[in-house]
Amino acid sequence: VTWAALAAAVGKSPEWTTSALLGQHQMSPEEANAAGKLLDLPADAIMLLTFTPYKGSLPTSVPTDPLIYRFYEMVMIYGTTYKELIHEEFGDGIMSAIDFGMTCKREPNAAGDRVNITLSGKYLAYKKF
């Protein structure tokens with residue numbers, strides 16, 4: 001069973017579905033049942049998919065998985081750049097990870113295929129009070 005097949009059964013994007021099935025999002029009972037049926041999960045496992053998860057549940061503060069570490073490395077190197085460019089364009093605020101979208105696609109390239117990841121989050125300005 002592929003992540004794409006699971007996403008089709010659940011009716012959500014492959015990115016969201018994968019994240020949910022890895023414990024980072026709460027599924028509706030209908031979504032959990034659709035995934036559970038395809039994965040032949042027992043009823044208690046399906047029920048757990050509907051619980052509110054603890055997000056950001058990596059086993060260590062600095063990731064040890066090489067691929068996940070590269071994202072950590074990108075934030076260490078480019079985090080301040082992203083911050084400055086976002087603040088210059090939008091003002092003092094953040095990019096939401098709640099009102100958020102993501103795509104992950106293969107990009108053919110003669111020098112070797114590339115991973116193309118797009119992150120799209122709503123801009124949220126800090127309030128003055």
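The shown structure was predicted, so the numbers you read here are calculated from the model rather than taken from an experiment.
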Should [X] and [Y] count as side-chain neighbours, where that means a heavy-atom distance under 4.5 Å?
| X | Y | result |
| --- | --- | --- |
| D65 | P63 | no |
| I77 | E73 | yes |
| M76 | Y69 | yes |
| Y123 | E89 | no |
| R114 | R106 | no |
| E15 | C104 | yes |

Check whether [X] and [Y] end up in the same hydrophobic cluster, where Ile, Leu, Val, Met, Phe, Trp and Tyr are linked by side-chain heavy atoms less than 4.5 Å apart.
| X | Y | result |
| --- | --- | --- |
| L119 | V115 | yes |
| V75 | I68 | no |
| L22 | L6 | yes |

Shortest non-hydrogen separation from [X] to [Y] and the atoms involved:
| X | Y | answer |
| --- | --- | --- |
| A32 | T50 | CB-CG2, 3.7 Å |
| A111 | N109 | N-OD1, 2.8 Å |
| A35 | M27 | CB-CE, 4.3 Å |

**Asked** Between CG of L41 and CD1 of I46, what distance do you get to the nearest 0.5 Å?
**Response**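 Going from CG on L41 over to CD1 on I46, the span is 5.5 Å.
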**Spacing of CD1 belonging to I117 relative to NZ belonging to K105, to within rounding of 0.5 Å** =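 Rounded to the nearest 0.5 Å, the CD1-NZ separation comes out at 12.5 Å.
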Using modelled atom types and a 3.5 Å cut-off, is there a donor and acceptor pairing between side-chain atoms of [X] and backbone atoms of [Y]?
| X | Y | result |
| --- | --- | --- |
| H25 | W16 | no |
| E31 | V10 | no |
| K55 | Q24 | yes |
| T17 | S13 | yes |

